[in-house]
Amino acid sequence: MTTSSYLDKTFVVENPDARIRRDDDLLSFVTLSASEAALAGGNVGDFKRIPVDTKIRVLGTRIGPNGVVYVQAATDANPPTTIGWTSSRNLRGRFVNEILGEVDPTDNDPRGTTAAWEKGNFVGQKKLVNIVDSTLEVEQITLETLPAYLRLVAAAEQSKVTVALRSGFRTYAEQAYLYEGFKNHKAGFATAARPGFSNHQHGQAFDLNVGGFQGNPVYDWLSQNGPKFGFIRTVSGEPWHWEYRPEMAAQLAAKGKHKLAGIV
């Protein structure tokens, strides 16, 4: 299993305005030189673009200062020729669910960026992976849950349903921020557990791109199929919140259920 999933794939440029970005400044664009303008039939200084419907390979990725995932595009040839950097949002599928690599623990700080907590206790460090979510931002999940999540995503794709993350693993600082916003009734903040007590802090919880209850296509598919892949609902009033609990999920699946008793 690769933790840079894009390396083995061919992508298609979908946006007719797929501009090439500068390697040293991803917020700036490359422009046509005099010779390039003559060949392209354009003008010197025009933005350099990758033509729509071009098939490309991706050699690498970067997360820009604006949170956008940028890809280093190359020709779909062997060997590939580098074209340049462009936004992943220019590609068909827009890189949703692509894995961008691993994040190794760097120390044993209980409030560090890879520190896991369960029921108020620090339980060690987790190896994480970066993954593109449903809003085209980068989330993290634990490496140990990645295979199960990818099986879920692949099965949904077979039914023409896109399952994607909204939120995965959270650091202690992220959970503290959400809890403070909730506790102080700040606009835009939903219910959040105290830092150290959220299942998002040890890799069990996944907020998915579910827009409602019964009648929402993603929710309906998960209700019927999630437990087969180890995912169940565990929080009332949050149709997007699913947790990877394979043993409990197997028991619920045998009964044709997808959520814990008492969950509405």
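Between D109 and R111, no side-chain nitrogen of the basic residue sits less than 4.0 Å from a carboxylate oxygen of the acidic one, so the salt-bridge criterion is not met. The pair D104-K127 meets the salt-bridge criterion, since a charged nitrogen lies less than 4.0 angstrom from a carboxylate oxygen. Comment: R233 does not engage E243 in a salt bridge, judged by the lack of any side-chain N to carboxylate O separation of less than 4.0 angstrom. Salt-bridge annotation for D53 and R92: present, with a side-chain N of the basic residue lying under 4.0 Å from a carboxylate O of the acidic one. No salt bridge links D76 with K9; every basic N to acidic carboxylate O contact stays at or beyond 4.0 Å.
When all heavy atoms are compared, the tightest approach of A73 to I56 is CB-CD1, 3.7 Å. In plain terms, the two heavy atoms of T113 and T171 that are nearest each other are O-CG2, 3.5 Å. Residues V163 and V153 come closest through the heavy atom pair O-CG2, 3.6 Å. Of all the heavy atoms in R21 and T86, the pair that sits closest is CG-CA, 4.1 Å. In terms of heavy atoms, V132 sits closest to F95 at CB-O, 3.1 Å.
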For this session: Give the intermediate values and the outcome of side chain to side chain donor-acceptor pair (under 3.5 Å) for residues Q175 and R170.
Result: CA-CA 6 Å; Q175 191 63 36; R170 294 180 192 156; 3.0 Å; yes

Problem set entry | side chain to side chain contact (heavy atoms under 4.5 Å, CB included) assessment of D25 paired with W85 | CA-CA 10 Å; D25 179 9; W85 291 91; over 6 Å; no

Problem set entry | Step-by-step side chain to side chain contact (heavy atoms under 4.5 Å, CB included) determination, K126 to L143 | CA-CA 8 Å; K126 294 281 188 179; L143 181 62; over 6 Å; no

Exercise. Can D17 and R49 be said to form a side chain to side chain contact (heavy atoms under 4.5 Å, CB included), step by step?
Worked result: CA-CA 7 Å; D17 191 25; R49 296 175 173 86; 2.5 Å; yes

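For the pair R62 and Y70, the NZ or CZ position fails the cation-pi test of under 6.0 Å to the six-membered ring centre and within 45 degrees of the ring normal. Note that R194 lies in the cation-pi zone of F197, set by a 6.0 Å cut-off to the ring centre and a 45° limit from the axis.
Follow the hydrophobic side-chain contacts under 4.5 Å out from L260 and you never reach V235; the two are in separate clusters. Put simply, Y172 and F122 are part of the same group of oily side chains (I, L, V, M, F, W, Y) that touch within less than 4.5 Å, one to the next. Placement of I20 and V58 within a single hydrophobic cluster is found when ILVMFWY residues are connected by side-chain heavy-atom separations under 4.5 Å, directly or transitively.
Aromatic ring orientation, H241 versus H200: perpendicular (interplanar angle above 60°, classes split at 30° and 60°). Taking the six-membered ring for Trp and thresholds of 30 and 60 degrees, F231 and Y244 have ring planes inclined between 30 and 60 degrees apart.
With rounding to the nearest 0.5 Å, the separation of OG1 in T10 from NZ in K55 is 7.5 Å. For the atom pair NZ of K183 and CG of L178, the computed distance is 13.0 Å after rounding to the nearest 0.5 Å.
Q201 and S198 share no donor-acceptor pair across their side chains, judged by distance under 3.5 Å alone. Using modelled atom types, one finds no donor on one side chain facing an acceptor on the other under 3.5 Å when comparing W240 with N209.
Only one option out of Q214, H258, Q224 pairs with Y219 in a side chain to side chain donor-acceptor pair (under 3.5 Å); it is H258.
For an aromatic pair to be called close, the ring centres must be under 6.0 Å apart, and F47 with F29 satisfies this.
Distance alone, capped at 3.5 Å, is enough to place a donor-acceptor pair between the D46 side chain and the N43 backbone. Of the possible donor and acceptor atoms, none in the side chain of E137 sits under 3.5 Å from a partner among the backbone N and O of V68. Side-chain N or O atoms of Q158 include none that pairs as donor or acceptor with a backbone N or O of A155 at under 3.5 Å. Between the S134 side chain and the A164 main chain, no donor and acceptor come within less than 3.5 Å of each other.
Residue-environment remark: CZ (R19) exceeds the threshold of 12 foreign heavy atoms within 6.0 Å. The environment of K259 atom NZ is dense: over 12 non-hydrogen atoms of other residues, nucleotides or ligands sit within 6.0 angstrom.
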